[in-house]
Amino acid sequence: MKDRDRAFADYFASRSGAMRSTAYLLCGDWHRAEDLVQTAFVKLYRAWNRIGGHHTLDAYTRRILVRTFLDETRRGFFHRERPTAEHPDRPEAVTHTVEDRLVVLRALVDVAPRQRAALVLRFWEDMSVEDTARALDCSVGTVKSQTARGLDTLRHLIPANTY
């Protein structure tokens, strides 16, 4: 195995799980998250020789992942309706921590893609506003407004007594 391939394989082995978690938060589906991560790492591999600083690799990979998600969402890939017998206006109120997390994850799926990306990068990945702006290729003001709108949407989707 070449040094290039070994370095990439090591990076993939160490970071694919974290990227998969981020992808899941973006799309709300583990199968689609796997596809997004796979696509992101294929794109990363193609650019592997051109990447100068491996100290910024996580940020670069995350940026590829988010852009892949947003591109697929814009194009309509994987966007399917999920039929249910009833469609509640709000998720059920829950009292357990695991259930609280599921409510948030379900609600996150209903947040607009760019707002969801901003929320995931800011609060799950704990990125600064500036780093999030670079990852989303937008201005700091856009990150702030997308984050605020996303949080507002979540507040309307999640019952007040959940937390």
Side-chain angles (χ1 to χ4, degrees), residues 12 14-44 56-163:
F12 177 82
S14 68
R15 300 303 299 153
S16 62
M19 293 300 165
R20 193 172 18 258
S21 295
T22 299
Y24 176 75
L25 290 173
L26 290 170
C27 68
D29 178 295
W30 282 112
H31 298 290
R32 184 172 175 209
E34 285 283 340
D35 290 342
L36 287 169
V37 169
Q38 182 178 2
T39 301
F41 273 96
V42 166
K43 290 177 180 181
L44 177 66
T56 60
L57 208 46
D58 279 351
Y60 185 73
T61 306
R62 205 174 296 111
R63 185 175 184 169
I64 293 171
L65 180 66
V66 170
R67 286 184 174 183
T68 300
F69 163 73
L70 291 173
D71 287 346
E72 287 183 359
T73 302
R74 269 189 289 257
R75 292 186 189 131
F77 291 124
F78 297 103
H79 185 71
R80 298 182 185 115
E81 292 183 19
R82 295 179 183 92
T84 59
E86 296 178 23
H87 183 63
D89 291 339
R90 293 180 167 201
E92 296 176 16
V94 294
T95 58
H96 298 93
T97 305
V98 173
E99 292 172 355
D100 289 347
R101 181 176 179 188
L102 291 174
V103 169
V104 172
L105 291 174
R106 261 186 263 134
L108 196 57
V109 171
D110 292 331
V111 176
R114 287 199 55 95
Q115 293 172 11
R116 186 178 336 144
L119 291 172
V120 168
L121 293 176
R122 290 282 294 124
F123 301 112
W124 175 258
E125 292 290 335
D126 199 27
M127 292 173 62
S128 69
V129 174
E130 293 78 14
D131 290 341
T132 302
R134 279 191 289 280
L136 294 175
D137 196 28
C138 64
S139 70
V140 168
T142 299
V143 170
K144 290 178 181 179
S145 67
Q146 293 294 306
T147 301
R149 289 181 184 139
L151 288 172
D152 189 49
T153 301
L154 284 178
R155 285 185 193 103
H156 286 91
L157 293 170
I158 299 173
N161 61 352
T162 299
Y163 290 99

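Position 1 is the first residue of the sequence, and the numbers go up from there. Only heavy atoms go into these numbers, but all of them, side chains included; no hydrogens, no water, no symmetry mates.
Looking at heavy atoms from C-beta onward, F41 lies in side-chain contact with T61 at the 4.5 angstrom threshold. Two residues are said to be in side-chain contact when any heavy atoms from C-beta on lie closer than 4.5 Å; L26 and T73 fail this criterion. Side-chain contact between E72 and R32: present, with at least one pair of heavy atoms (C-beta onward) separated by less than 4.5 Å. Contact check for Q146 versus C138: no side-chain heavy atoms found under the 4.5 Å cut-off. Counting heavy atoms from C-beta on, the side chains of L44 and L57 come closer than 4.5 Å. The shortest side-chain heavy-atom distance between L121 and V143 does not fall under the 4.5 Å cut-off.
Taking OG1 of T142 as the reference point, atom CZ of R149 lies at 8.5 Å (rounded to 0.5 Å). Taken to the nearest 0.5 Å, the CZ atom of R15 stands 4.0 Å off from the CG atom of D58. With rounding to the nearest 0.5 Å, the separation of OG1 in T39 from CD in E34 is 11.0 Å. Note that the CG atom of D110 and the NE2 atom of H156 stand 14.0 Å from one another [nearest 0.5 Å]. To the nearest 0.5 angstrom, L65 atom CG is 9.5 Å from L70 atom CG. Between atom CG of residue L108 and atom CZ of residue F123 there is a gap of 11.5 Å, rounded to the nearest 0.5 Å.
Contacts classified as salt bridge (Lys or Arg N to Asp or Glu O under 4.0 Å) and involving residues 122-132 (residues at least two apart or in different chains) are given here: R62-E125, D131-R134.
Between the R116 side chain and the V109 main chain, a donor and an acceptor come within less than 3.5 Å of each other.
Atom NZ of K144 has 12 or fewer neighbouring heavy atoms from other residues, nucleotides or ligands inside a 6.0 Å radius.
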